[in-house]
J.: 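Below you will find the structure I want to go over with you.
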Amino acid sequence: MITTRFAPSPTGHIHVGNLRTALMNYLIARKAGGTFILRIDDTDPERSKEEYVDAVKQDLEWLGLHWDKVERQSTRLDHYAAAADTLRTNGRFYEAFETPVELDLKRKKQLNMGKPPVYDRAALALSEVERDALRAERGQGVWRFKLDQARIEWTDGILGDISIDAASVSDPVLIRQDGQVLYTIASVVDDMEMGVTDVVRGSDHVTNTATQIQIIEALGGTAPRFAHHSLLTGPQGEALSKRLGTLALRDLRARGVEPMALLSLMARLGSSDPVELRTEMADLIDGFDIERFGSAPTKFDEADLFPLTGRYLQSLPMAAVQTKIDVLGVPADMAEPFWLVMRDNIETLHDLDAWWALCRDGAEPVIDAEDEAFLAEALTMLPQAPFSADTWGTWTAAVKEATGRKGRGLFMPLRKALTGQAHGPDMAALMPLLQVIKAR
Ligand code: GLU
């Protein structure tokens with residue numbers, strides 16, 4: 001039985017980077033008929049906010065990434081305390097009292113000597129008496145996990161065979177001085193107790209994974225399968241980390257990006273498969289294979305979301321956008337033709353606003369100087385609204401006859417006069433939707 005989880009910390013809105021993690025874990029679970037857990041990593045009471053918990057849920061629901069279960073780390077502190085006790089009993093947990101300033105100094109010294117800045121385990125050498133004295137002087141220490149200084153190896157679902165020398169990694173702090181349990185142990189305890197079989201996360205977690213594998217083993221568990229996806233960069237390969245704040249899912253949603261467009265892109269970006277628009281989640285699930293993803297940084301260009309959104313919208317019948325059409329106030333008898341004409345000319349549903357305004361109120365005409373006389377004559381020949389599906393053909397034939405113009409020289413000035421732009425829907429189909437012509 002496959003179980004995966006998406007484990008955001010509710011300290012901000014989720015963005016495209018988080019979405020990649022969520023989506024991969026979701027698709028793995030669904031493809032295997034397994035369980036997808038939404039785990040809220042809220043052990044930090046100061047930074048975790050309830051509004052972000054709600055926002056994460058709304059964003060996932062908007063995308064259709066429905067979870068089977070929600071778990072919250074803040075309700076499971078007793079489990080983490082029990083695991084800490086086990087590590088203490090097994091001799092794998094020790095208290096250390098260095099201040100951040102002291103640690104920083106140690107690191108600088110090591111770097112100056114050309115050594116890796118790994119914690120020197122000075123606290124391990126403290127006697128009981130020294131520890132008591134330090135505790136009396138400085139209060140509680142932090143609790144570090146004593147790594148077994150061997151190589152830590154696993155076969156990563158994306159990165160392949162990984163081998164990390166534990167001696168090059170500092171013994172991780174699992175409990176802070178103020179008693180707060182840190183993610184590294186909480187996550188391990190949850191993964192073990194919730195039966196998580198597959199963990200997909202960003203490659204910034206690779207070192208965590210190494211230490212977590214040892215913690216799992218020290219607690220008597222078996223490590224899940226791990227896969228670390230590459231981090232997203234901007235279109236030129238530039239770091240995206242600072243811009244991720246502006247790529248929050250709710251902002252993309254507000255800009256009109258459609259969930260299936262976003263999911264179709266993210267399910268393929270960074271893999272050897274081409275990006276293909278999928279309109280059904282089931283197709284995304286069927287077509288997903290984590291092994292097809294590579295370790296190179298993945299370029300993400302938000303501009304790609306808009307043509308995909310446009311193509312998604314083209315596939316929709318009017319019923320799927322009824323609410324939007326109603327909000328615009330399109331009369332019932334025009335709703336269907338309006339949608340069928342416009343869906344090929346929009347990237348997002350927001351673009352309908354301008355098209356409807358054009359139909360309802362008319363467009364400011366664009367008239368080139370050399371077309372003034374031509375248009376004056378042509379517009380006198382245009383019948384009064386309402387127009388029919390034949391209006392354009394009949395009218396342009398008559399104008400051609402009267403003026404001798406043909407082809408682009410005939411049609412383009414008329415289009416620009418009626419719609420104020422050089423591009424847009426097929427004019428014959430558009431005419432019945434035009435209620436006002438400002439040009440005359
Ligand atoms: N809360 C962690 C994060 O957001 C979870 C990482 C993991 O998947 O284990 O980075």
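Note that ligands are numbered from 1 as they come in the structure, with each ligand's atoms numbered from 1 the same way.
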J.: Starting from atom 10 (O) of ligand 1, what is the nearest protein heavy atom, named by residue and atom, and what distance separates them?
T.: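 For this ligand atom, the closest protein heavy atom is H205 NE2, 3.0 Å.
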
J.: Does any N or O of ligand 1 fall below 3.5 Å from an N or O anywhere on R39, backbone included?
T.: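 Not met; the criterion fails.
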
J.: May I ask you to check whether W67 and F6 place their ring centres under 6.0 Å from each other?
T.: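 Not close enough - the centres of the two rings lie 6.0 Å or further apart.
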
J.: What's the shortest distance from atom 6 (C) of ligand 1 to any protein heavy atom, and which residue and atom give it?
T.: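 Of every protein heavy atom, Y183 OH, 3.3 Å lies nearest to atom 6 (C) of ligand 1.
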
J.: Using a distance-only test with no angle check, is there a side-chain donor-acceptor pair under 3.5 angstrom linking D42 and S74?
T.: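 Checked: D42/S74 side chains pair up, N/O donor to acceptor below 3.5 Å.
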
J.: If you measure from the Lys or Arg side-chain nitrogens to the Asp or Glu carboxylate oxygens, is any gap between R253 and D59 under 4.0 Å?
T.: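 Answer for the salt bridge query: no.
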
J.: In ligand 1, which numbered atoms sit nearer than 4.0 Å to a non-hydrogen atom of S187?
T.: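 So the atoms of ligand 1 that pass are 9 (O).
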
J.: Yes or no on side chain to side chain contact (heavy atoms under 4.5 Å, CB included) for R20 and S230, after CA distance, side-chain angles and deciding distance?
T.: CA-CA 10 Å; R20 201 148 181 249; S230 63; 3.8 Å; yes

J.: Any salt bridge between R255 and D251, counting N to O under 4.0 Å?
T.: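 A salt bridge is absent here (no side-chain N lies under 4.0 Å from a carboxylate O).
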
J.: R201 heavy atoms, cut-off 4.0 Å: which ligand 1 atoms fall inside?
T.: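 Result: 7 (C), 8 (O), 9 (O).
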
J.: Which of the atoms in ligand 1, numbered in the order shown and given with their element, are less than 4.0 Å from a heavy-atom of R5?
T.: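 Atoms satisfying the 4.0 Å criterion: 7 (C), 8 (O), 9 (O).
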
J.: Pull out every atom of ligand 1 sitting under 4.0 Å from any heavy atom of D41, numbered as shown with elements.
T.: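 Here the atoms of ligand 1 in question are 1 (N), 2 (C), 5 (C).
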
J.: Suppose we measure from atom 5 (C) of ligand 1 to each protein heavy atom; which comes out shortest, and what is that distance?
T.: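 Sorting protein heavy atoms by distance from atom 5 (C) of ligand 1 puts A7 O, 3.2 Å first.
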
J.: What do the steps show when you test Y183 against H205 for ring pair (Phe, Tyr, Trp, His ring centres under 6.0 Å), and what is the final call?
T.: CA-CA 12 Å; Y183 149 80; H205 280 291; 5.7 Å; yes

